[in-house]
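In the text below, chain A, chain B and the rest are named by the order of the sequence lines, each starting its count at 1.
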Amino acid sequence: IEMRRFDAAQASEAEAWVSDL
Amino acid sequence: MLRVREIGADVVEVTLSGVVDRADIAGLEQALGPKLEREGPMGLIVRAEDWADITADALAAEARFELSKLARWSVFARMAVVSDLQAIGAILA
């Protein structure tokens, strides 16, 4: 599993990243 | 409090807020368990912007759940944690 932390201000970026499978 | 929802065909979002207790983990097991039986790859996003704490029994229950499904977590190809806490980043690393 690839894991990353995103700051709260980057929530939309986090969603895009996990969706890019 | 803990909430699980699908935000896409292959993406599950878990939102933690306030204090997470044992009942929340029971809900997590119920909601996430069936998804762990799917074929991957899937994405998991944990939103913890408003998370304050977790009770000791909830922490133990969560660890038991993770271990019981150890062979299935790889269904999630990517996991993102949204939190301003630097400690979370250190734990993930």
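Side-chain heavy atoms closer than 4.5 Å link hydrophobic residues (I, L, V, M, F, W, Y) into clusters, and following such links, even through other members, never connects B:Val82 to B:Leu32. The hydrophobic clustering, which links ILVMFWY residues whose side-chain heavy atoms are closer than 4.5 Å, places B:Phe65 and B:Leu2 together. A single hydrophobic cluster is seen to contain both B:Val4 and B:Phe76, as judged by linkage of ILVMFWY side chains at heavy-atom distances under 4.5 Å, directly or through other members. Connection of A:Val18 to B:Leu16 is not established within any shared hydrophobic cluster, with ILVMFWY side chains joined at heavy-atom distances below 4.5 Å, either directly or through further cluster members. Hydrophobic clustering of Ile, Leu, Val, Met, Phe, Trp and Tyr side chains at less than 4.5 Å, counting indirect connections, keeps A:Phe6 apart from A:Met3.
What you find for B:Asp84 and A:Ala8 is that their closest heavy atoms are OD1-N, 2.9 Å. Scanning both residues, B:Ile45 and A:Ala14, for their nearest heavy atoms gives CD1-CB, 3.8 Å.
With rounding to the nearest 0.5 Å, the separation of CE in B:Met42 from CD1 in A:Ile1 is 11.5 Å. Between the CG atom of B:Leu85 and the CZ atom of A:Arg5 there is a distance of 8.0 Å, given to the nearest 0.5 Å.
Side chains of A:Asp20 and B:Arg78 form a contact here, defined as non-hydrogen atoms less than 4.5 Å apart.
Proximity to chain B (any heavy atom under 4.5 Å) is restricted, for A:Leu21, to the side chain, taken from C-beta onward. For A:Gln10, no part lies under 4.5 angstrom from a heavy atom of chain B. Heavy-atom distances place the backbone of B:Leu44, and not its side chain, under 4.5 Å from chain A.
At most 12 non-hydrogen atoms from other residues, nucleotides or ligands lie less than 6.0 angstrom from CD of B:Gln30. Within 6.0 Å of atom CD in B:Glu39, 12 or fewer heavy atoms from other residues, nucleotides or ligands are found, so the atom counts as exposed in its surroundings.
By number of non-hydrogen pairs under 4.5 angstrom with chain A, the leading residue of B:Val75, B:Ile88, B:Val81, B:Ile91 is B:Val81.
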